[in-house]
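Each remark here refers to the structure printed beneath this line.
One-based numbering, in listed order, for ligands and for the atoms of each. Every value quoted in this text rests on a predicted model; they were computed, and no experiment measured them.
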Amino acid sequence: MGYPDHRPRRLRRTPALRAMFRETDLSPDRLVLPLFVTEGEGVRQPIASMPGHARLSVDNLVSECEEAHRAGIGAVILFGIPFLKDARGSEGWSALGIVPRALAAVKRAVPDLTLWADVCLCEYTEHGHCGVLRDGEVDNDATLPLLSRAAVAYAAAGADVVAPSDMMDGRVGAIREALDEADHAKTVIVSYAAKYCSAFYGPFREAAGSAPKSGDRRGYQMDPANAREALLETALDIEEGADVVMVKPALPYLDVLRAVKDEFGVATAAYQVSGEFAMIEAAAEKGWIDRERAVMESLVAIRRAGADAVLTYFARDAARWLA
Ligand code: PBG
């Protein structure tokens, strides 16, 4: 059993052979494009650390979504940048907030595009934490009703999927119960099940102005050193009713992604986050790597490690290259 009877290079000799026996495929319908929506009209504020991405007012967001749908991208996920931030993140869970208004407009214009809405408070709180504070700490149980209200508001406005990213304990169960009570039993929950406290969220926080004003997120997001704990987090979220579980970031946590897929075998997503995007963009801009090849290699790697769906700021480019 070995060389010269076996020559693995035989199946690499031609493009047709390579394509036929490729183990992992990638298509635009696996991709989810993150978009930032803000108040105003005709607004397109470029985000310096995220080339090609901008904060968009609802009118521009709608055009962007039409384009994404035409390109065959599977879904978009919306992040709101409110006009007003307060202690309890009320713009995040108000039925009149920026995200519900954006969802309704996009649903009307592009009814066949699958709409995801991120559920969290950090973009909406003046302190920048993902929940409400009590004595300087994020109060888990006081945050759950607010996240539930947000999820119901988004579902009512047209979200097909709600994706809680706050990392409060018990939020998937609370959101599922609230959705069902409000007659939104069909709304999908994608839980950010294993979300790490990562330096790779830097550009996003610039985009959303959501960096915590004091302290950090170590009290609720996961320690990068932990993998076993990711399985516990995922088990709890599945038990609470998550339809899809997500690992985030993606590339630095492919081992976790693989472990989650092997252990549970459920629908799984991974988020190639803003810092992962920015690293590739920066190196490519310097001419140090080939942008298209680096992007496609990273996306295939994330799929290979077990992700069914991939959230990526490269969705538009990838869809074009795959066309
Ligand atoms: C909100 C949220 C964040 C991201 C997704 N949802 C920021 C954070 O946790 O600080 C990060 C996405 C990215 O970096 O692309 N909690």
Checklist entry - Under 4.0 Å from ligand 1, counting heavy atoms only, is it the side chain of Phe277, its backbone, both or neither? => result neither
Item to check | Interatomic distance, Leu144 atom CG to Met168 atom CE [nearest 0.5 angstrom] | outcome: 8.5 Å
Item to check | Aromatic plane relationship, Tyr313 with Phe36 - under 30° parallel, 30 to 60° tilted, over 60° perpendicular | outcome: parallel
Checklist entry - Relative to the ring of Phe314, is the ring of Phe277 parallel (under 30°), tilted (30 to 60°) or perpendicular (over 60°)? => result tilted
Show me the donor-acceptor pairs within less than 3.5 Å that the side chains of residues 4-20 make with the rest of the protein, sequence neighbours left out.
residue: Thr14; atom: OG1; partner: Leu17; partner atom: N; Å: 3.0
residue: Arg18; atom: NH1; partner: Arg12; partner atom: O; Å: 2.6

Next on the checklist: Out of all atoms in ligand 1, which are within 4.0 Å of some heavy atom of Tyr313? Include the element for each.
Outcome noted: 12 (C), 13 (C), 15 (O)
Checklist outcome for this item: atom 11 (C) of ligand 1 sits nearest the protein heavy atom Lys248 NZ, 2.9 Å
Next on the checklist: Using a 4.0 Å cut-off to any heavy atom of Phe79, which atoms of ligand 1 qualify?
Outcome noted: 5 (C), 6 (N)
Checklist outcome for this item: In ligand 1, the atoms that come under 4.0 Å of a heavy atom of Ser165 are 1 (C), 2 (C), 6 (N), 16 (N)
Next on the checklist: Would Asp160 and Val188 count as a side-chain contact (heavy atoms from CB on, under 4.5 Å) here? Give the steps.
Outcome noted: CA-CA 6 Å; Asp160 302 288; Val188 171; over 6 Å; no
Checklist outcome for this item: The complete set of salt bridge (charged side-chain N to carboxylate O under 4.0 Å, His left out) pairs with one or both residues in residues 120-134, sequence neighbours excluded, reads Arg134-Asp139
Checklist entry - Of all the atoms in ligand 1, which lie at a distance below 4.0 Å from a heavy atom belonging to Tyr271? => result 12 (C), 15 (O)
Checklist entry - For atom 16 (N) of ligand 1, which candidate among His53, Lys195, Glu206 holds the nearest heavy atom? => result Lys195
Checklist outcome for this item: A student checking ligand 1 against Cys122 at a 4.0 Å heavy-atom cut-off should list atoms 1 (C), 16 (N)
Item to check | Side-chain donor-acceptor pair present, Gln45, Thr38, cut-off under 3.5 Å | outcome: no
Next on the checklist: Does Lys195 qualify as a cation-pi partner of Tyr271, given the criterion of NZ or CZ under 6.0 Å from the six-membered ring centre and within 45 degrees of its axis?
Outcome noted: no
Next on the checklist: Does only the side chain of Asp118 get under 4.0 Å from ligand 1, or the backbone, or both, or neither? Count heavy atoms.
Outcome noted: side chain
Next on the checklist: Regarding ligand 1, does Arg205 bring an N or O atom to under 3.5 Å of one of the ligand's N or O atoms?
Outcome noted: yes
Next on the checklist: Within the structure, is a non-hydrogen atom of Gln272 found at a distance of less than 4.0 Å from ligand 1?
Outcome noted: no
Item to check | For Arg217, atoms of ligand 1 separated by under 4.0 Å from a heavy atom | outcome: 8 (C), 9 (O), 10 (O)
Checklist entry - Would you say the side chains of Asn226 and Tyr196 form a donor-acceptor pair under 3.5 Å? => result no
Checklist entry - Out of Ser274, Gly202, Pro212, Cys130, who gets a non-hydrogen atom closest to atom 13 (C) of ligand 1? => result Ser274
